[in-house]
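Shown next, in structure tokens, is the structure this report addresses.
All values below come from the heavy atoms of this structure, side chains included, with hydrogens, waters and symmetry mates left out.
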Amino acid sequence: MEIRAYLPLLLLMGFVIMNAVMMLGLSHLTMRSRPTAVKQSAYESGIPPLGDARERFSVKFYLVAMLFIIFDIETVFMIPWASHYRQLSCAVPLSNGLCPAGNTSFFGLGEMLVFMLILFVGLAYVWKKGALQWD
Amino acid sequence: MGYFYQINFYIFGLLAIASALAFVTRKSPVAAALWLVNTMFCLSALYIMMDAQFIGAIQVLVYAGAIMVVFLFVVMLLNLGHPSDIADMRGTWGKLIAAGIGVVLLAQILVIQRQRLPRIVPDVEAPRNVITGIAQPLFNEYLLAFEVTSVLLLAAIVGAVLLAKRRG
């Protein structure tokens with residue numbers, strides 16, 4: 001694929017970086033620094049901050065993150081499958097991007113169903129164990 | 001491969017190296033992790049320039065997204081908020097080991113550079129749809145490996161739940 005097709009993406013990235021640099025840089029250049037204890041405290045939705053932000057986090061967050069990654073990887077396998085599905089659901093090679101009549105096959109659907117069924121066992125296990133519940 | 005390609009290659013390559021250097025030199029673990037995200041993004045740009053768009057997208061989705069989430073959670077779980085508390089290998093032995101590993105890595109790069117590998121893979125016509133090159137073998141020849149991957153993911157799910165819910 002022609003690499004020049006990504007020029008708009010590159011321009012967007014350039015504008016995003018410029019925007020961030022200008023917002024931070026200009027406000028830094030034009031500010032007058034008169035710090036007070038209240039101004040320098042962490043902003044916690046308007047209420048006085050409660051304790052330090054650097055405390056131990058519950059392991060539940062970690063569990064959610066791990067499960068997110070695993071089901072994320074499942075999606076990774078589904079992207080090529082979905083983009084190749086037209087050929088996978090046809091027993092003979094496609095002609096002009098279409099399956100010749102009477103050659104529909106359930107091969108592609110079946111293999112993804114097996115894949116998802118095995119992962120569904122995992123989802124059922126997670127659900128049964130109460131790992132999706134917060135407490 | 002015109003100038004456009006070369007300029008972008010050098011921009012993203014240098015950014016990746018600079019971010020990687022920042023990643024290993026930052027004192028705060030969270031800042032280091034964010035620099036690693038930047039490295040991953042630059043690598044993804046390099047993958048796209050090598051006509052591996054799917055790998056580039058996965059690099060952002062899985063590495064810059066999901067893996068980094070876990071990195072940050074490990075950082076938070078270990079309560080490494082105070083950089084001075086980190087007990088790492090700052091002694092003489094640590095430096096010696098790191099220098100040794102660095103020399104070995106450099107030697108490996110030099111050896112690989114000098115090798116003239118035979119062209120085993122013939123130039124094949126790239127498919128019009130880039131993702132087809134991955135999907136075609138994955139869902140036909142390597143179907144069993146694909147299905148076994150789901151068992152691997154299942155084992156990961158069970159392992160994560162068992163480890164995290166042990167006390168609960």
Given that the side chain runs from C-beta out, which part of [X] has a heavy atom under 4.5 Å from chain A: side chain, backbone, both or neither?
X	answer
B/I11	neither
B/F139	both
B/F41	neither
B/L61	both

| request: Select, from A/V76, A/I73, A/L9, A/T75, the one with the greatest count of heavy-atom pairs under 4.5 Å involving chain B. | output: A/V76
Within a radius of less than 6.0 Å around [atom1] of [X], do more than 12 heavy atoms belonging to other residues, nucleotides or ligands occur?
X	atom1	value
A/K128	NZ	no
B/E141	CD	yes
B/W35	CH2	no
A/Y85	OH	yes

For [X], is it the side chain, the backbone, both, or neither that has a heavy atom closer than 4.5 Å to a heavy atom of chain B?
X	answer
A/F77	both
A/I69	both
A/M13	side chain
A/Y125	side chain
A/L117	neither
A/L67	side chain

| task | Enter the distance from A/Q87:CD to A/S105:OG here, rounded to the nearest 0.5 Å. | result | 9.0 Å
| query | Under a 4.5 Å heavy-atom cutoff, which of B/N8, B/I134, B/V158, B/V148 has the most pairs with chain A? | reply | B/V158
| message | For chain A, which candidate among B/V30, B/L138, B/V62 shows the most heavy-atom pairs at distances under 4.5 Å? | response | B/V62
| task | Test A/R86 against A/L98 for side-chain contact (heavy atoms from CB on, under 4.5 Å), laying out the working first. | result | CA-CA 8 Å; A/R86 201 174 278 251; A/L98 287 172; 3.8 Å; yes
| query | If Ile, Leu, Val, Met, Phe, Trp and Tyr residues are connected whenever their side-chain heavy atoms lie under 4.5 Å apart, and connections chain through other members, are B/L143 and A/I118 in the same group? | reply | no
| said: Under 4.5 Å between side-chain heavy atoms, counting indirect links through other Ile/Leu/Val/Met/Phe/Trp/Tyr residues: same cluster for A/L119 and A/V114 or not? | reply: no
| Under 4.5 Å between any side-chain heavy atoms of A/W127 and A/Q133, yes or no? | no
